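A quick note: this is a predicted structure, and the numbers were derived from the prediction, not measured.
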Amino acid sequence: MGCVNGKCCSEYPPSSGGDSRDYSLHAKHILTQRSLEKVPIPSHNFYLEYSVLTQRGYYPDSPDKENQDSFCIKTQIQGNPNIHFFGVFDGHGQFGTQCSNFVKDRLVEKLADDPTLADDPLRAFNSAFSDTNSELHNSGIDDSMSGTTAITVLVIGDTLYVANVGDSRAVVAVKDGNSIVAQDMSLDQTPFRKDEYERVKLAGARVLSVDQVEGLKDPNIQAWGDEESDGGDPPRLWVQNGMYPGTAFTRSVGDSTAEKIGVVADPEISVFQLSANHLFFVVASDGVFEFLSSQAVVNTVARYTDPQDACAAIAGESYKIWLEHENRTDDITIILVHIKGFPNVLVLQMDQVE
């Protein structure tokens, strides 16, 4: 969920094309999917088996609009066979494609160039996001009303470092007896969250739904329920005396105009210790989670032995539900990573840090 017309309140025409090198794909009209791949984690004697899918949304009013999602999978960062990166970037605004391409390239390059990465990944992540955001502002890309969210997972040995900016999501599947339970590894950063609402209000944002800002509902009633029940007209961020930018997220890379009212590129970072109870994790753009719960996504994956089939099933279900609610769909990108051969240790730990 983003701005009024998908991600931001301005209409966005087709953007120029992105690249397709390494593990990054940018689809226009067709579903694009990588073959199943594997990477070992020799330090802890297990391996990751992963697949990725990205598909352009259905935009009947903009038939040539590109897929503004991008992704990056980088294995063996710094030549270390135990360090791997998975990231999904959901661009928005007129130059959203350029923003997501820029960020998915530069962020992982920053991490790869940081000599402290293995010893202090939290510092490295924070620094990489800050530096990438500054570079995007100073690039030739107009990010005044465009930008990208970013959901990223850095695997270092048996530990997952999950850094999130925006409203895409990472979810891990945990075996609990005969059940498989979805555990969110990131928290969507939107005005539905009380802490994020208060933070952007202090920064000067007006927080109103579209109906409120257009005078159809009382703007003094600052209560919107929750994201699941009131996602159709969510609270958004506006400047004090204008009808922009209208972002429904509270953190983003880029968006230099929205930055003035509290939209920041500071990631929230969660740390997860893997165990044999962890079966797989999903990193996906909010085109998936707009109408599907984390548990629904995990349930779908659990029905398939082949990650490629699971990705296709999630995309299909997402599109179906989108079109039941609206006359369009969002772009969808899914990275699915199965955790294979992990030693039989039954411990789950999570620490939330800023």
Would you please indicate if the ring centroids of His278 and Phe342 are separated by under 6.0 Å?
no
Cluster question for you: counting only ILVMFWY and a side-chain heavy-atom cut-off of under 4.5 Å, with indirect links fine, are Val171 and Tyr304 together?
no
Polar contact flag, side-chain donor to acceptor under 3.5 angstrom, Ser144-Asp142:
yes
Assess whether a salt bridge exists between Asp114 and Arg123, defined as any Lys/Arg side-chain N lying under 4.0 Å from an Asp/Glu carboxylate O.
yes
Counting only heavy atoms not in Tyr58, do more than 12 sit closer than 6.0 Å to its OH atom?
no
Just by distance, with hydrogens left out, do Asn82 and His44 show a side-chain donor and acceptor under 3.5 Å apart?
no
Any chance you could measure Lys38, atom NZ, to Ser51, atom OG, to the nearest 0.5 Å?
13.0 Å
Do we get Arg169 above Phe289's six-membered ring, with its NZ or CZ under 6.0 Å from the centre and within 45° of the axis?
yes
Heavy-atom side-chain proximity of Val181 to Gln295 below 4.5 angstrom
yes
Any side-chain donor near an acceptor of the partner, Ser285 and Asp330, under 3.5 Å:
no
Worked check of salt bridge (charged side-chain N to carboxylate O under 4.0 Å, His left out) between Glu198 and Lys201
CA-CA 5 Å; Glu198 291 176 347; Lys201 288 278 284 187; over 6 Å; no
Rounded to the nearest 0.5 Å, how far does CG of Leu336 lie from CG of Asp309?
10.5 Å
What verdict does the side chain to side chain contact (heavy atoms under 4.5 Å, CB included) test give for Val213 and Arg206, after you've listed the backbone C-alpha separation in whole Å, the side-chain angles of each residue and the deciding distance to 0.1 Å?
CA-CA 9 Å; Val213 83; Arg206 288 191 302 156; 3.8 Å; yes
Can you list, pair by pair, the side-chain donor-acceptor contacts under 3.5 Å of residues 312-322, counting residues two or more places apart and other chains?
{"from": "Ser318", "atom 1": "OG", "to": "Ile314", "atom 2": "O", "distance (Å)": "2.8"}
{"from": "Tyr319", "atom 1": "OH", "to": "Gln55", "atom 2": "O", "distance (Å)": "3.4"}
{"from": "Tyr319", "atom 1": "OH", "to": "Arg56", "atom 2": "O", "distance (Å)": "2.2"}
{"from": "Tyr319", "atom 1": "OH", "to": "Gly57", "atom 2": "N", "distance (Å)": "3.3"}
{"from": "Lys320", "atom 1": "NZ", "to": "Glu324", "atom 2": "OE2", "distance (Å)": "2.8"}
{"from": "Trp322", "atom 1": "NE1", "to": "Gly287", "atom 2": "O", "distance (Å)": "2.8"}

Going through the checks in order, is the side chain to side chain contact (heavy atoms under 4.5 Å, CB included) test met by Thr149 and Gln189?
CA-CA 10 Å; Thr149 63; Gln189 296 151 354; over 6 Å; no
Looking at Gln68, is its backbone amide N or carbonyl O close enough to the side chain of Ser100 to form a donor-acceptor pair, meaning the two atoms are under 3.5 Å apart?
yes
Answer yes or no: is there a side-chain heavy-atom contact under 4.5 Å between Asp90 and Thr333?
no
Evaluate the side-chain proximity of Ile180 to Val174: yes if any heavy-atom separation is below 4.5 Å, no if none is.
no
With a 4.5 Å heavy-atom cut-off, do His84 and Ile41 have their side chains touching?
yes
Partner of Phe85 by side chain to side chain contact (heavy atoms under 4.5 Å, CB included), out of Val108, Thr75, Val153, Ile73
Val108
Main-chain N/O of Asp218 paired to Gln212 side chain as donor or acceptor, under 3.5 Å:
yes
To the nearest 0.5 Å, atom OG1 of Thr159 lies from atom CD1 of Ile83 at 11.0 Å
Tell me if a side-chain donor or acceptor on Ser62 pairs with a main-chain N or O of Asp64 at a distance below 3.5 Å.
no
Does any non-hydrogen side-chain atom of Asn164 lie less than 4.5 Å from one of Pro267?
no
Point-to-point distance, once rounded to the nearest 0.5 Å, from CZ of Phe95 to OG of Ser139
11.0 Å
For the pair Glu109 and Arg106, find out whether any cationic side-chain nitrogen is under 4.0 Å from an anionic carboxylate oxygen.
yes
Ring of Tyr59, cation from Lys65 - is the NZ or CZ under 6.0 Å from the centre and inside 45° of the axis?
yes
Donor-acceptor side-chain pairing of Ser294 and Asp184 below 3.5 angstrom:
yes
So, do Arg236 and Val210 sit near enough that their side-chain heavy atoms are less than 4.5 Å apart?
yes
Under 4.5 Å between side-chain heavy atoms, counting indirect links through other Ile/Leu/Val/Met/Phe/Trp/Tyr residues: same cluster for Leu279 and Val301 or not?
yes
Taking it one step at a time, do Val288 and Ile334 satisfy side chain to side chain contact (heavy atoms under 4.5 Å, CB included)?
CA-CA 8 Å; Val288 170; Ile334 308 158; 3.7 Å; yes
Between Ser209 and Pro234, is there a donor-acceptor pair closer than 3.5 Å when you use the side chain of the first and the backbone of the second?
no
Do Asn133 and Glu259 have side-chain atoms, one donor and one acceptor, less than 3.5 Å apart?
yes
Do Asp255 and Ser252 have side-chain atoms, one donor and one acceptor, less than 3.5 Å apart?
yes
How long is the gap from NE2 on His338 to OH on Tyr47, to the nearest 0.5 Å?
10.5 Å
Value for CG (Leu237) from OG1 (Thr247), rounded to nearest 0.5 Å, stands at 4.0 Å
Tell me if a side-chain donor or acceptor on Trp238 pairs with a main-chain N or O of Leu208 at a distance below 3.5 Å.
yes
Can a donor-acceptor pair be found between the side chains of Gln273 and Asp158 at a distance below 3.5 Å?
yes
Hydrophobic clusters here meaning ILVMFWY residues chained together by side-chain heavy-atom distances under 4.5 Å, can you tell me if Val253 and Val264 are in one?
no
Between the side chain of Ser134 and the main-chain N/O of Ser130, is any donor-acceptor distance below 3.5 Å?
yes
Give a yes or no answer on whether the side chain of Thr116 reaches the backbone of Asp119 with a donor-acceptor pair at less than 3.5 Å.
no
Test Tyr50 against every option in Phe281, Phe86, Phe280 by the ring pair (Phe, Tyr, Trp, His ring centres under 6.0 Å) rule and name the one that passes.
Phe86
Is the shortest side-chain heavy-atom distance between Thr190 and Tyr197 below 4.5 Å?
no
Does any non-hydrogen side-chain atom of Ile77 lie less than 4.5 Å from one of Leu117?
yes
Show your reasoning for whether side chain to side chain contact (heavy atoms under 4.5 Å, CB included) applies to Ile156 and Leu154.
CA-CA 6 Å; Ile156 302 183; Leu154 183 68; 3.7 Å; yes
